[in-house]
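Notes follow the structure.
It should be emphasised that the depicted structure is a prediction, and the values quoted were computed from it without experimental measurement. Order of listing sets the numbers, starting from 1, for every ligand and every atom in it. All heavy atoms count here, side chains included; hydrogens, waters and symmetry mates do not.
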Amino acid sequence: LSLSLKILGTSSATFTKERNQTAQALKSNSSYYLIDCGEGTQIQLKKYSIKTNKIDAVFISHLHGDHYLGLFGLLSSMSLKGREKRLSIFGPKGLQEIITIQLQASQSCFSYQIDFQEINVDTITQIYQDKNIKVEVFPVYHRIECYGYKFTTLPEGYKIIKSTLPKNIPLIKIKNLTKGKDVILDDGTVIPYQKHTTPPPAVATYAYCADTRYALEILPYIQGVDTLYHEATFTEEFANRAETTFHATASQAGLIAHQAQVKQLIIGHYSARYKTNEVHLQEAKVEFDNIIALNDGDLIQI
Ligand SMILES: [Zn+2]
């Protein structure tokens, strides 16, 4: 199983003509997982042809508006389109109440069931698993309670090499080969798994860290992931502002990627004062080589 990531928004606080507020759609198999949901996210989903009915779960990092103000509108549209499938929503305390109050005010209810789970953890903790992925949540360090998420594809079995497999093996025993076990036939013949399978593909890992100051505390949670998203609101010119607002600079994002020995870094959440992300990219590159400065609409393979 692989993961791909559609970038729906890369602006912080306010949107610009080119940049929407933060949201990302992670895809595994045919399921989508929405990470944060800034205002206008449902318009971005439409623009990039992502069907909202394919979204199985939503993960909200914190309750600053640029990360969740699009949620109620999206949930309402799902209902207007007659969604029946349950939806899981994860986020800090308060999110469920915010959604419920809006429903009560309009004396309405959705066409589908929402499973809310309020997050309150001080270390990395698994909160979700389905047939594609497992998700862990961990604290990051912002002005208000804020969480990062780590997504991992489920391990797969050994892959059978059909061309070398003797014809007389019962189906039930082939399953053992996919688990990496030898098969012994009734006549005593040993069928070694190593000869007839290839090892399982590695799992894919993606860690999402927004919004946060530069924090060594998160290193154990993101160590060695395939792709790390780290916010990079400011360039060095505004390093002081990054510190007072509990945001990171691009070079700090690069530094944490280097320290965590991740394979790839992607950055975003740029302050609306920047017209381009060229300086962000340059400054982060000093610390870490394999980096993409995201733009809205980018598709990242993990
Ligand atoms: Zn933000």
Taking the six-membered ring of Y48, is the NZ or CZ of K6 close enough (under 6.0 Å from the centre) and on axis enough (within 45°)?
yes
Distance-only donor-acceptor hits, side chain of residues 91-99, under 3.5 Å, sequence neighbours excluded:
none

Relative to each other, are the rings of F90 and Y128 parallel, tilted or perpendicular (30° and 60° limits)?
perpendicular
For residues H67 and H142, establish whether the separation of their ring centroids is below 6.0 Å.
no
Cluster partners of F234, using ILVMFWY side-chain heavy atoms under 4.5 angstrom, listed by chain and number?
F238, Y274
Result block: side-chain N/O donor-acceptor pairs under 3.5 angstrom for residues 215-227, not counting sequence neighbours:
from, atom 1, to, atom 2, distance (Å)
E217, OE2, R213, NH2, 3.1
Q223, NE2, A260, O, 3.2
Q223, NE2, Q261, OE1, 3.4
D226, OD1, K263, NZ, 2.8
D226, OD2, T205, N, 2.8
D226, OD2, T205, OG1, 3.4
T227, OG1, Q264, NE2, 2.9

Under 2.8 Å from the Zn ion (ligand 1), which protein N, O or S atoms are there? Could you list them by chain and number?
D66 OD2, H67 NE2, D211 OD2, H269 NE2
